Visitor: 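Take this structure, written in C-alpha cells, and hold onto it; I'll ask about it next.
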Amino acid sequence: MHVRVVNPNTSVGMTRSIGIAARAAASPSTRVTAVNPTMGPASIESHYEEALAVPGLLEQIALGERDGVDAYVVACFGDPGLDAARELARGPVIGIAEAAFHAASFVARRFGVVTTLGRTTGRARELVDRYGFGPACVEVRACEIAVLELDDPASEARRVVADECRAVFAAGADAVVLGCAGMADLCHDLSGELGAPVVDGVGAATAFAESLVRLRLRTSTRGEYAAPPRKDFAGLLAPFSLAGARV
Ligand code: 5HY
C-alpha cells in the first residue's frame, strides 16, 4: 500500500518532519511518501495563502494518480482543497483537521484545539462545525507562533503550546488537537507531560487512510465527488484541464 502525504505549503523542512510523523504512524509494510508542491506559499496562515496553495496540492494529487498511490493525506490544518482532491483521486483523501477531530472524539467526550496564529482560529472553528464536532469542541485557542517559527528553538513553541493546552484543559476539555502539521512532533511528548491525549492530525490521518484502503473503501464517484466535468482551462491554469483525464 502506498500513502502519499501532501504538505500543501512549499517548505521542504516541514515536509520532512511531516513525513517522519506519518511514517511513525503507518504500518511497516506501508510505503509513505511525503511531498510538497513546486509552487505556492511557504506557509499557510491566511485565506489568500490557502486559496493559492490548492493548485499545488492538486498538482501533487495528479502526480500521485500517475504513480498509482492508494490514499492521500492533506497535511495542513485548514484541510485546503480537500473536496477538490477527492474529486481527482481514486483512493481516499484525508484532511488532518478532520482526522484529528475524529481521533479526539474516540478518546474524549470534549476536546479543544490549539492552533498557530489567532487569525486561523476562524477556519478551525468552521471545520469543527462542518465536520459535526461543534458540541464536543469546547475551545479553539491560538499560540500566536507563526507556522515557520514552530521549529525555531527561539520561539519556545513547546512551552507556549503546552501552556495553551493547559488552558484548553482548564476550559473543560479532556483532549487537545494540535492545529498545525508543524506541531506533529510535539504530540507524544506533550501527552506525557500533560497526562491527557494530545492529538496530531498527521499521524491520525495516515492511520485512517491506511485503514480505509484495508477496508477497500474509496471516495464515492456518485454525486458530489464524481470526476469534475471536462472543460478547457485558460492561462496559467491550462495544465489543470482534465480533458482526456481519469475515467
Ligand atoms: C498547517 N498552515 O498545518 C497550517 C497551520 C495553520 O502551513 N500548515 C500550514 O496555521 O493553519
Side-chain angles (χ1 to χ4, degrees), residues 4-22 25 34-61 72-82 85 93-104 112-131 133 137 139-152 155 157-158 160-161 164-165 168 176-187 190 198-206 208-209:
R4 178 154 293 175
V5 181
V6 184
N7 168 21
N9 72 40
T10 54
S11 295
V12 175
M14 235 180 120
T15 304
R16 202 174 303 117
S17 61
I18 287 168
I20 292 166
V35 297
N36 57 258
T38 56
M39 59 181 156
S43 68
I44 301 164
E45 297 162 324
S46 68
H47 298 294
Y48 181 80
E49 290 149 2
E50 190 174 286
L52 291 173
V54 174
L57 165 75
L58 297 176
E59 162 206 69
Q60 292 302 315
I61 301 284
Y72 301 86
V73 169
V74 176
C76 174
F77 202 74
D79 291 355
L82 184 61
V93 184
I94 312 289
I96 65 169
E98 186 174 16
F101 300 153
H102 280 289
V113 179
V114 174
T115 186
T116 56
L117 303 181
R119 64 181 301 156
T120 67
T121 55
R123 170 64 88 213
R125 174 50 73 178
E126 204 175 76
L127 292 177
V128 164
D129 296 335
R130 174 190 158 173
Y131 299 138
F133 292 99
C137 183
E139 193 170 37
V140 176
R141 297 180 67 93
C143 66
E144 292 302 350
I145 296 177
V147 170
L148 295 180
E149 286 168 20
L150 284 169
D151 59 2
D152 170 2
S155 74
R158 192 191 174 296
V160 176
V161 172
E164 292 301 329
C165 290
V168 167
V176 176
V177 165
L178 297 178
C180 181
M183 295 176 184
D185 58 341
L186 297 176
C187 79
L190 286 178
V198 175
V199 180
D200 151 52
V202 173
T206 304
F208 291 153

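Whatever order the structure lists them in is the order used to number ligands and atoms, beginning at 1. Worth saying up front: this structure is predicted, and the values here are computed from it rather than measured.
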Visitor: Considering all heavy atoms of both residues, which atom of Ala142 and which atom of Thr121 are nearest to each other, and what is their separation?
Guide: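 It is CB-CG2, 3.9 Å.
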Visitor: Given Val168 and Val114, is the side chain to side chain contact (heavy atoms under 4.5 Å, CB included) satisfied, shown in steps?
Guide: CA-CA 8 Å; Val168 167; Val114 174; 3.8 Å; yes
Visitor: Using distance alone, determine whether Asn9 and ligand 1 share an N or O pair under 3.5 Å.
Guide: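 So ligand 1 has an N or O lying under 3.5 Å from an N or O of Asn9.
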Visitor: Give the atom numbers and elements of ligand 1 that come within less than 4.0 Å of a heavy atom of Ala181.
Guide: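 Matching atoms, with element in brackets: 1 (C), 3 (O).
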Visitor: Can you tell me if Met14 has a non-hydrogen atom under 4.0 Å from ligand 1?
Guide: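 Contact check Met14 vs ligand 1: positive.
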Visitor: Roughly how far apart are Phe77 CZ and Glu50 CD, rounded to 0.5 Å?
Guide: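 Between Phe77 CZ and Glu50 CD, I get 11.5 Å after rounding to 0.5 Å.
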Visitor: Run Thr38 and Glu59 through side-chain hydrogen bond (donor to acceptor under 3.5 Å, both in side chains) and show every step you take.
Guide: CA-CA 9 Å; Thr38 56; Glu59 162 206 69; 2.7 Å; yes
Visitor: Using a 4.0 Å heavy-atom cut-off, which part of Arg123 comes near ligand 1: side chain, backbone, both, or neither?
Guide: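 Neither part.
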Visitor: Of the protein's non-hydrogen atoms, which lies at the shortest distance from atom 5 (C) of ligand 1, and what is that distance?
Guide: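 Residue, atom and distance for the closest contact: Cys180 SG, 3.5 Å.
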Visitor: Is the closest heavy-atom distance from Gly182 to ligand 1 below 4.0 Å?
Guide: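 Distance cut 4.0 Å: Gly182 fails for ligand 1.
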Visitor: Could you tell me, atom by atom, which parts of ligand 1 come under 4.0 Å of a heavy atom of Thr120?
Guide: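 Every atom of ligand 1 under 4.0 Å from some heavy atom of Thr120: 10 (O), 11 (O).
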Visitor: At under 4.0 Å between heavy atoms, which part of Ile44 makes contact with ligand 1: side chain, backbone, both or neither?
Guide: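 Ile44 to ligand 1: contacts from backbone and side chain alike.
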Visitor: Quick check: Ser43 and ligand 1, any N/O pair under 3.5 Å apart?
Guide: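 There is no such contact.
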Visitor: Against ligand 1, does Gly179 come closer than 4.0 Å with any heavy atom?
Guide: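 Per 4.0 Å heavy-atom rule, Gly179 contacts ligand 1.
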Visitor: Could you tell me, atom by atom, which parts of ligand 1 come under 4.0 Å of a heavy atom of Phe77?
Guide: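 Heavy-atom distances to Phe77 below 4.0 Å select 1 (C), 3 (O), 4 (C).
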Visitor: What distance separates Cys76 SG from Ile44 CD1, expressed to the nearest 0.5 Å?
Guide: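 If we round to the nearest 0.5 Å, Cys76:SG and Ile44:CD1 are 4.0 Å apart.
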Visitor: Would you please test Leu190 and Arg158 for side chain to side chain contact (heavy atoms under 4.5 Å, CB included) and show each step?
Guide: CA-CA 8 Å; Leu190 286 178; Arg158 192 191 174 296; 4.0 Å; yes
Visitor: Any chance you could measure Glu126, atom CD, to Tyr131, atom OH, to the nearest 0.5 Å?
Guide: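 These two atoms lie 10.0 Å from each other.
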Visitor: Fit a plane to each ring of His102 and Phe208, take the angle between them on a 0 to 90° scale, and name the class: parallel (under 30°), tilted (30 to 60°) or perpendicular (over 60°).
Guide: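 Rings of His102 and Phe208: perpendicular, as their planes differ by over 60°.
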Visitor: In terms of atom number and element, which parts of ligand 1 are under 4.0 angstrom from non-hydrogen atoms of Thr116?
Guide: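 With Thr116 as reference, the close atoms of ligand 1 come out as 6 (C), 10 (O).
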